[in-house]
Amino acid sequence: MKRLSVFLLLIISTTLLLTGQRKIINLPDLPGYVTLKCDFHLHTAFSDGNVWPTIRVNEAYRDGLDAIAITDHLEYTPHKDYIPVDHNAAWKITRNTARDYNLILVHGAEITRSMPPGHVNALFISDANALAVDSVWDAFEATIKQGGFLLWNHPGWKAQQPDGIPRMYNIHHRLIRNKWLHGIEFFNHKEYYPLVMTFALENNLAVFANSDMHGAISEEYAGKTHRPMTLVFARERSHDSLKEAMFAGRTLAYFDDMLAGRKEYALPFFHQCISVGKPYYQNEKSIYLEITNRSDIPFYLTDGVPGTPSSITLPANSATRVVLSKSNTNPLIYNVRNIITGESEVLKVELKY
Ligand code: ZN
């Protein structure tokens, strides 16, 4: 009997070790690249977050992400009376768990200063403790010496810019002149900053969407299909390819039902998501066809030219029946209302059948 229960216990514990599901996010790759789904801005109990670092891996696995960075504040450690301060601790505690879950873990930290320069994430670093120095410029320099990537967080955050409008100060221009600033958050937590698109395009910065999560992800984005994430187009699914792709600026921000980023990635990404079928029926008046959207993102096409449907909605993971007038000779050109490619510009596409 005793033997049997030990045996049962063994079966149960083995089963527990083997289970665990992750969500599958339906987003296409780009030709020559794999699309990595990433969240590069996360807090834990090692700064002002409420969760233990390994929970960030469990959450990311469940959410179907490929990569995360834990970016605890260097200058703000309110739990220090209970948890000793070691800015590398969250990374050390998490790296084996990340390996066990096949998740890419990026070593990071958040350089947390008043505006200017505001908050900046240091990613792909090797020693966060070396960044905990008085001068913010020295912290940036230490990041660069470690081969790190600097990401300007929430530039229009109302706690630092009461009107919500991002501004570039001398220190940001200096970072850009030095080629030390590599990315910028277009979307943070629950808000986005249209002007960031201009900063990104003018200064060659990669565009990001991150959660900046302090509590449990499941509570914050309950009812949403996904957390905000940065899509990175990497040559392969590895830490080093991810890094190369980010320095090359191959990203799109994905949040709610929106995408934001450079046209050169947004346009092929859109065309990888959808396919226009051959007409399956036509008579003297009309042509009938289907447009299939194989992604999790619905697309809202508006501003069709005269003679074509004025708008077409392509729901996620669905095929949409479209009837075109046979007398029309105009192209099917649309604005995709939920793909932002500039401060006040959305992606323009042409559908061909
Ligand atoms: Zn943060």
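Both counts, for ligands and for their atoms, begin at 1 and track the order of listing. Starting from 1, each residue takes its place in the sequence as its number.
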Tell me, do T35 and Y254 make a side-chain contact under 4.5 Å, heavy atoms counted? no
Taking both backbone and side-chain atoms into account, decide whether H43 has an N/O/S atom under 2.8 Å from the Zn ion (ligand 1). yes
With the Zn ion (ligand 1) as the point of reference, which N/O/S atom of H41 is the closest? NE2
Atom nearest to the Zn ion (ligand 1) - D212, N, O or S atoms considered: OD1
Between the side chains of E191 and H154, does any donor sit under 3.5 Å from an acceptor? no
Within the stated cut-off of 2.8 Å, is an N/O/S atom of H119 closer than that to the Zn ion (ligand 1)? no
Would you check if there is a donor-acceptor pair between the side chains of E345 and T341 at a distance under 3.5 Å? yes
Just to verify, which of L259, L252, L231 counts as forming a side chain to side chain contact (heavy atoms under 4.5 Å, CB included) with L27? L231
Carboxylate-amine/guanidinium contact E244 R250, below 4.0 Å: yes
Looking at the Zn ion (ligand 1), which N/O/S atom of E110 is the nearest one? OE1
